[in-house]
Undergrad: 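Please find one structure pasted underneath; my questions will follow.
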Amino acid sequence: MRILIVVAAVIALGLGATAYALRSPDEVAVAVEAGPVELTPGRLLFVDDVTGKVASVPLSAPGGPRRVSSLSCKRFYTAAQQGLCLADGSRPIPGSTAVFVDRTLTERRRVDVAGVANRAKLSADGRMASWTTFVTGDSYSQAGTFSTRTAILDQQTEVYSSNIEGTRIAGMKMAGDMNFWGVTFTADDRTYYATMSTAGRTYLIQGDAVEESAKPLRENAECPSLSPDGKRVAFKKRVAGDGARPWREHVLDLTTMVETPLAETRGIDDQVVWLDNDTIAYGLPGEGIWAVQANGEGAPRQLVPHASSPSLVTG
């Protein structure tokens, strides 16, 4: 499908200026609202699939016109009115760049990293940052055919681990096939949850960024995302079925260790985000951004078409 935005007009209606994208039979229609993209509380940030730029909509009206910025990212995440953009690198050697931006999406710093952009995350207060890239392979679908690098940066102390594969895992020997990805931080800016894989199996681990150690909590869990109240972790779990989309999203209660499968069954290959303690949002390739209840009830609903990598501005 050919994708094109054609801005037809800017119409002043007293409420502001709105530009509308037109659609021909083989084009994607996207309504674009004039105005800056800023990290304003209550707005849902995402990567616009039409342009590859960071865009936003109000969470109260996610299907309406979007604002589109000039910042290009493969993955984007916001917390504490800061942003982390994982973008394609500008060097001749294939790689990525982690770009940190302020509330106006103005660049504050950047870090060049090896590999293809895959995951990006900030702690709730914006202090801790993590990103994952593929250095070989480009999919989690087939175990053993990919290699990742996951970094953690403490923006307060400037302690930077460009690859956390040296993390000691309690009860396990270090192995050359260990991969880590999908970090999500707790409120203490030290503890995190992540995925570790070895010998064809994946594990949810609880790590300590200071001690560079971790312990496995359970098997068959990938791309965790911690709830705002810190009591639950959403993760994708490998299930039997369609080999192209072999996962189903679950939510794990960290106190009881009981997991609940969610109503979305299409196979989420994403590190989901929590919109609140009751709802998660995620991207589906070609389907846009969707949301579903975190208790396993209800039905999935589309939030934003032609979009990916959602995150909500809070605080």
Side-chain angles (χ1 to χ4, degrees), residues 47 49 74-75 86 115-121 130-150 165 169 172 175 177-184 193-206 216-227 232-253 257-274 279-303 307-310:
V47 175
D49 286 347
K74 295 296 185 181
R75 301 287 299 186
L86 197 57
V116 178
N118 180 249
R119 301 283 185 251
K121 201 79 166 181
S130 179
W131 53 86
T132 297
T133 58
F134 282 118
V135 290
T136 60
D138 60 359
S139 172
Y140 296 117
S141 294
Q142 298 298 322
T145 63
F146 64 88
S147 179
T148 63
R149 287 188 185 178
T150 293
E165 287 184 4
I169 308 297
M172 291 186 177
D177 69 342
M178 281 184 170
N179 281 292
F180 296 77
W181 66 89
V183 170
T184 183
Y193 297 93
T195 307
M196 187 275 291
S197 72
T198 185
R201 297 180 178 181
T202 62
Y203 300 85
L204 174 67
I205 61 169
Q206 180 180 316
L217 297 182
R218 71 191 303 106
E219 194 175 334
N220 193 8
E222 302 179 50
C223 298
S225 182
L226 186 65
S227 62
R232 289 157 295 158
V233 167
F235 65 93
K236 64 180 190 182
K237 178 178 180 177
R238 192 174 293 271
V239 295
D242 183 357
R245 291 185 172 182
W247 302 285
R248 183 168 179 182
E249 198 70 19
H250 289 64
V251 168
L252 174 69
D253 185 306
M257 299 304 285
V258 172
E259 63 181 46
T260 301
L262 302 192
E264 176 62 83
T265 60
R266 284 174 291 181
I268 301 172
D269 183 11
D270 199 5
Q271 186 175 19
V272 305
V273 299
W274 292 74
T279 313
I280 65 165
Y282 48 93
L284 288 172
E287 302 287 342
I289 294 169
W290 290 68
V292 71
Q293 292 177 216
N295 62 1
E297 299 177 359
R301 69 183 192 280
Q302 189 182 61
L303 295 180
S308 59
S309 193

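Small disclaimer: the values here were computed from a predicted structure and weren't measured.
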Undergrad: Please list, chain by chain and in numerical order, all residues satisfying side chain to side chain contact (heavy atoms under 4.5 Å, CB included) with Lys74, sequence neighbours excluded.
TA: Asp88, Ala117
Undergrad: For the atom pair CG (Asp49) and CD1 (Ile289), what is the distance rounded to the nearest 0.5 Å?
TA: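 If I round to the nearest 0.5 Å, the distance is 8.0 Å.
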Undergrad: Using every non-hydrogen atom in the two residues, find where Thr148 and Asn179 come nearest and quote the distance to one decimal.
TA: N-OD1, 2.9 Å
Undergrad: Side chains of Asn118 and Thr133: do they bring a donor and an acceptor to under 3.5 Å?
TA: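 No, because no side-chain N or O of Asn118 sits under 3.5 Å from a partner of the opposite role on Thr133.
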Undergrad: Is a donor on one side and an acceptor on the other found under 3.5 Å between the side chain of Ser130 and the backbone of Val183?
TA: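 No; judged by distance alone, with no hydrogens or angles, the pair does not exist.
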Undergrad: Are the side chain of Asn295 and the backbone of Glu297 linked by a donor-acceptor contact shorter than 3.5 Å?
TA: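 The answer is yes, because a donor-acceptor pair under 3.5 Å joins these two groups.
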Undergrad: Answer yes if the side chains of Trp247 and Glu222 hold a donor-acceptor pair under 3.5 Å, and no otherwise.
TA: yes
Undergrad: Side chain of Asp253, backbone of Val258: donor and acceptor closer than 3.5 Å?
TA: no
Undergrad: So, applying side chain to side chain contact (heavy atoms under 4.5 Å, CB included) with Arg266, which one of Glu249, Glu287, Arg248 is it?
TA: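 The residue from Glu249, Glu287, Arg248 that satisfies side chain to side chain contact (heavy atoms under 4.5 Å, CB included) with Arg266 turns out to be Glu287.
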Undergrad: Provide the closest heavy-atom pair for Ile169 versus Met178 in the form atom of the first, atom of the second, distance.
TA: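 Looks like CG1-CE, 4.4 Å.
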Undergrad: Rounded to the nearest 0.5 Å, what separates atom OG in Ser147 from atom CZ in Phe134?
TA: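 Going from the OG atom of Ser147 to the CZ atom of Phe134 covers 9.5 Å.
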Undergrad: Looking only at non-hydrogen atoms, find the nearest pair between Ser225 and Lys121 and report the distance.
TA: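 It is OG-NZ, 3.3 Å.
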Undergrad: Could you list the residues that satisfy side-chain hydrogen bond (donor to acceptor under 3.5 Å, both in side chains) with Thr195, not counting sequence neighbours?
TA: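 Scan of Thr195 (side-chain hydrogen bond (donor to acceptor under 3.5 Å, both in side chains), adjacent residues dropped) gives none.
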Undergrad: Would you say Arg232 and Thr260 make side-chain contact, with heavy atoms under 4.5 Å?
TA: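 With C-beta onward as the side chain, the pair stays apart.
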Undergrad: If only side-chain N and O atoms count, and only distance matters, is there a donor-acceptor pair under 3.5 Å linking Gln271 with Tyr282?
TA: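 Absent: no donor and acceptor within the cut-off.
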Undergrad: Is Met172 close to Met196 at the side-chain level, that is, under 4.5 Å between some pair of heavy atoms?
TA: yes
Undergrad: Side chains of Ile280 and Val292: does their closest heavy-atom pair fall under 4.5 Å?
TA: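 Ile280 reaches Val292 side chain to side chain.
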Undergrad: Could you tell me whether the side chain of Ile205 reaches within less than 4.5 Å of the side chain of Phe180, counting heavy atoms only?
TA: yes
Undergrad: Would you name the heavy atoms of Thr279 and Ala291 that are closest together and state the gap between them?
TA: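 Closest heavy-atom pair between Thr279 and Ala291: CG2-CB, 4.0 Å.
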Undergrad: How many angstroms lie between CD in Gln302 and CH2 in Trp290, if you round to the nearest 0.5 Å?
TA: 5.0 Å
Undergrad: Report the distance from atom OG of Ser309 to atom CG of Asp270, rounding to the nearest 0.5 Å.
TA: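 So the gap between those two atoms works out to 7.0 Å.
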Undergrad: Taking the side chain as every heavy atom from C-beta outward, state whether Leu252 and Glu259 have any atom pair closer than 4.5 Å.
TA: yes
Undergrad: Quick check: closest heavy atoms across Asn220 and Lys237, and the distance to 0.1 Å?
TA: ND2-CG, 3.3 Å
Undergrad: Are the side chains of Tyr203 and Thr198 in contact, using a 4.5 Å heavy-atom criterion?
TA: yes
Undergrad: To the nearest 0.5 angstrom, please state how far the CG atom of Leu217 sits from the CZ atom of Phe235.
TA: 10.5 Å
Undergrad: To the nearest 0.5 Å, how far apart are NE2 in His250 and CD in Glu264?
TA: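 One gets 12.5 Å once the value is rounded to the nearest 0.5 Å.
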Undergrad: What I want to find out is whether Asp177 reaches Arg201 closely enough, with some N-O distance under 4.0 Å, to be called a salt bridge.
TA: no
Undergrad: If every non-hydrogen atom of Thr132 is compared with every non-hydrogen atom of Thr150, which pair is closest and at what distance?
TA: OG1-OG1, 2.8 Å
